[in-house]
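Here is the naming used below: chain letters follow the sequence lines, and residue numbers restart at 1 for every chain.
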Amino acid sequence: MQDPSQKMLHKILFERRKMKNSEVCRIGSLPDEVLIHILSFLSTKEAVQTCVLSKRWKNIWAAVPVVDIKNKDFSVFEDHDCSGDCNEELRMAVARFERFMTGFLDNRAPTNLDRVCCVRHIHSFELDASVGWLDRVALLMPQLIKIFITSDTGHSLDMPHLVFSCASLQYLSMSLYTGINNTSIRPVLINLPSLKILELTFVELHDDFAQMLFKGCPSLERLKLHHCDLNFSGISSEVLKELTLHRCHLYEQMQISCPNLVSLFMRIFLQKGGISLTNMSSLVKVVIILYVYLGDDVPNLNLLGSLSNAAKLELFLGTPMLKEQLEKDIPNCINFNNLKKLVVAGKWDMSYDFYLIACLLKRSPNLKEVNLFFYESQGQIQEPKQDVSGDVLFQYEYLETVKIGHVYGGINGQSKLSSELINAMIKTLGTYVKKIGNMIIT
Amino acid sequence: MADNGGKKITLKSSDGEEFEVPEVVAMESQTIRHVIEDVCAKNSIPLLNVNSKILSKVIEYCKKHVAAAEAAASKASTEEGTAAAASVTKPSDEDLKTWDAEFVKVDKGTLFNLILAANYLHIPGLLDLTCQAAADMIKGKSAKEIRKFFNLKNCISPEEEEEIRRENQWAFEEEKRTRAFDAYA
């Protein structure tokens, strides 16, 4: 129990701040730290412009630890709606943007930044455009940097390197679209001890980068590469938990070895080489979508042996040749004891050639759901393999749910399997599965 | 939401009203959490900076978010592949966002009181939600419009304003042509 004098002190301290129900709270009654927090939700330009609101607001903007800036903020026209000298106006807008960045960094309080988000379009006339202010910003120890750059110059962009040695950085996302080739990233040094999430888009990556990345980012948990050119042969990390390779082109035989990886998503165009997975004992969710480009190269696929702990496996094979490569991988499989959901999609007639799926079924004793997306075979139909296990007849006991549909059904919703094909599949399933709880035809 | 035998705690507003809430809901406030964990043996916590109207709204927010977190956690543990569940925006996330958007549709005075309460009680989610709503009120407005909307006292003279604009010239180089140029009173 508080003693009477303490109660008195408490009452005095808080009496004047006690808000009666009838009193209206105004923005002026908010303390500075709160006003700063509110301004952090505005674009930096809008935040700075609050300096004229009143005496109180003159320098609130200077303490906001956020940079949120688009060069669109600096163009006078609402929407590329130029009449008259468009180019001249665009030049002036770019100059305004650059002056703003300099003015902002020169005049703000000497405190660190929390997050930096920038969208910058580099016009074709900006032949010596640079993003040098990124270096300045990296020195202010932000936790998050998100940069989205598109360029019309046709030249590759000179990336400042201080971003790659920012000790406070936890989240880095860079998208560098130049229209023709991907931007090659070759920093001198990567030292990002706090980095947890890295996202790179439209970037070309080589072996030296990959090695430096995993060595220099000891805390990296999530790596996402979008529309990248992968010229490296290994992804090897003890710490990585989530790996996403989305719409990437692969030019090497790539080995992925990440014992703590829980989630793997790959949507890859195989130009050369292939993929092998080793030492992936923590993998729970796996999505592998593969396409090949025309050519004689036959990709080396060494995938199934490392997926034995997966709970959900989704495979899409862009050509029947990929299916054949995967079939060669089957002897490497151990059982998929944890597998509950299996999705196989591909461009071959699965009702006729069920071999791959039958092999996977045989090795997955605890499956609940199977989804199969396929279509009519095109061109030459090869005689499918029959001998699943050496047993005369292999039959799966029970599947709770089976869903079948056209391999393009999801994309435009138009494509549907013909009724002949559906019936053929149901018949095939009947020979391989004793009992199906729920059959869904999409 | 589990209301069966979970520990309850009483929060007392500045105008004397008492609110009994499950401890887990009250702990959404880091201020209250510290009081419970460090000071301990507290069954009733007086909150002299928060009146009953605002406190009941704060409690409403905390209850909703605790319930949403519990629902998400139980769904993730029953679904196969916890990594899969975690990386997908489920319908319940959308529902919560919609609920949050409705929650901040209040008059300015109430909003600022909520901001103060979220700040005092250290409830980061509520502070972000309410500050974002306040920022949305500022977006797109000219200086004149902002002053009027927020009833800002302590205005500066046109000369002083001109001075500041000159000092920070790099920030005022143009106004969008499609908006009426009315920055000067």
Side-chain angles (χ1 to χ4, degrees), chain A residues 10-11 13-15 17-21 23-31 33-34 37-43 45-46 48-58 61 74-78 92-93 96 99-100 102-104 106-107 241-242 262-263 284-285 310-312 338 340-341 368, chain B residues 14-15 46 48-54 80-84 86-87 107-113 115-116 119 127-128 130-143 146-147 150-156 160-161 164-165 167-179 183:
Chain A
H10 216 211
K11 198 163 190 271
L13 281 175
F14 292 101
E15 182 69 49
R17 294 194 60 188
K18 214 160 76 172
M19 221 74 70
K20 300 191 190 70
N21 271 332
E23 186 182 307
V24 173
C25 180
R26 291 182 347 196
I27 199 167
S29 16
L30 301 179
E33 76 211 29
V34 169
H37 195 60
I38 292 175
L39 289 191
S40 72
F41 291 98
L42 294 173
S43 73
K45 180 157 167 278
E46 284 181 313
V48 172
Q49 289 187 339
T50 60
C51 61
V52 293
L53 288 179
S54 77
K55 284 191 177 67
R56 167 100 190 276
W57 286 82
K58 188 172 171 205
W61 71 268
F74 298 88
S75 51
V76 168
F77 301 106
E78 279 287 7
M92 295 205 294
R96 284 194 289 262
R99 278 196 294 270
F100 181 91
T102 311
F104 174 75
D106 282 347
N107 288 291
K241 294 211 176 95
E242 247 182 70
V262 173
S263 166
V284 172
K285 184 188 172 191
K312 182 175 169 186
N338 294 333
K340 301 273 187 317
K341 182 168 174 181
K368 287 212 166 101
Chain B
S14 60
D15 45 345
L48 291 169
N49 283 5
V50 191
N51 68 32
S52 54
K53 177 181 166 204
I54 298 301
E80 25 79 9
T82 46
S87 58
D107 61 271
K108 281 180 301 227
T110 307
L111 184 66
F112 297 136
N113 270 331
I115 291 177
L116 280 175
N119 190 43
L127 185 62
D128 281 352
T130 48
C131 283
Q132 172 79 73
D136 290 343
M137 290 174 175
I138 295 176
K139 263 187 207 147
K141 288 188 167 76
S142 68
I146 298 174
R147 282 190 203 111
F150 289 118
N151 210 345
L152 286 181
K153 298 281 145 64
N154 207 343
C155 273
I156 54 183
E160 284 173 308
E161 179 173 336
I164 297 174
R165 277 178 193 270
E167 270 171 29
N168 293 329
Q169 199 185 332
W170 46 271
F172 288 100
E173 291 200 10
E174 95 306 320
E175 301 282 333
K176 282 213 159 51
R177 279 188 200 176
T178 57
R179 220 177 51 209

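- Residues A:L42 and B:A135 share a closest heavy-atom pair of CD2-O, 3.4 Å.
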Hey, mind stepping through A:V52 and B:R165 against side chain to side chain contact (heavy atoms under 4.5 Å, CB included) and telling me if it holds? CA-CA 7 Å; A:V52 293; B:R165 277 178 193 270; 3.9 Å; yes
Could you go through the side chain to side chain contact (heavy atoms under 4.5 Å, CB included) check for A:I38 and B:I115 one step at a time? CA-CA 10 Å; A:I38 292 175; B:I115 291 177; 4.0 Å; yes
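- In this structure, the separation between CD on B:Q132 and NE2 on A:H37 is 9.5 Å, given to the nearest 0.5 Å.
- Annotation: the span from B:N168 atom CG to A:C51 atom SG amounts to 4.5 Å, rounded to 0.5 Å.
- Interface residue A:K58: only side-chain heavy atoms are found under 4.5 Å from chain B.
- The CZ atom of B:R147 sits 13.5 Å away from the CD1 atom of A:I27 when rounded to the nearest 0.5 Å.
- Between the side chain of A:Q49 and the backbone N or O of B:F172, no donor-acceptor pair lies under 3.5 Å.
- At a 4.5 Å heavy-atom cutoff, B:Q169 makes no contact with chain A through either its backbone or its side chain.
- Of all the heavy atoms in A:S29 and B:L116, the pair that sits closest is O-CD2, 4.2 Å.
- Highest contact tally toward chain A, considering only B:T130, B:D128, B:V50, B:L111, is held by B:D128 [criterion: heavy-atom pairs under 4.5 Å].
- Within a 6.0 Å sphere centred on NZ of A:K241, other residues, nucleotides and ligands contribute 12 heavy atoms or fewer.
- Among the candidates A:K45, A:R99, A:R96, the single residue satisfying the salt bridge (charged side-chain N to carboxylate O under 4.0 Å, His left out) test with B:E173 is A:R99.
- Nearest heavy atoms, B:C131 versus A:F41: CB-CE1, 3.5 Å.
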Apply side chain to side chain contact (heavy atoms under 4.5 Å, CB included) to B:W170 and A:D106, showing your working. CA-CA 11 Å; B:W170 46 271; A:D106 282 347; over 6 Å; no
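- Rounding to the nearest 0.5 angstrom, the gap separating the NZ atom in B:K141 from the CG atom in A:L53 is 11.5 Å.
- The minimum heavy-atom distance between B:I156 and A:S54, with the atom names listed, is CG2-C, 3.8 Å.
- Listed here is the closest heavy atom pair of A:R26 and B:F112: C-CD1, 3.7 Å.
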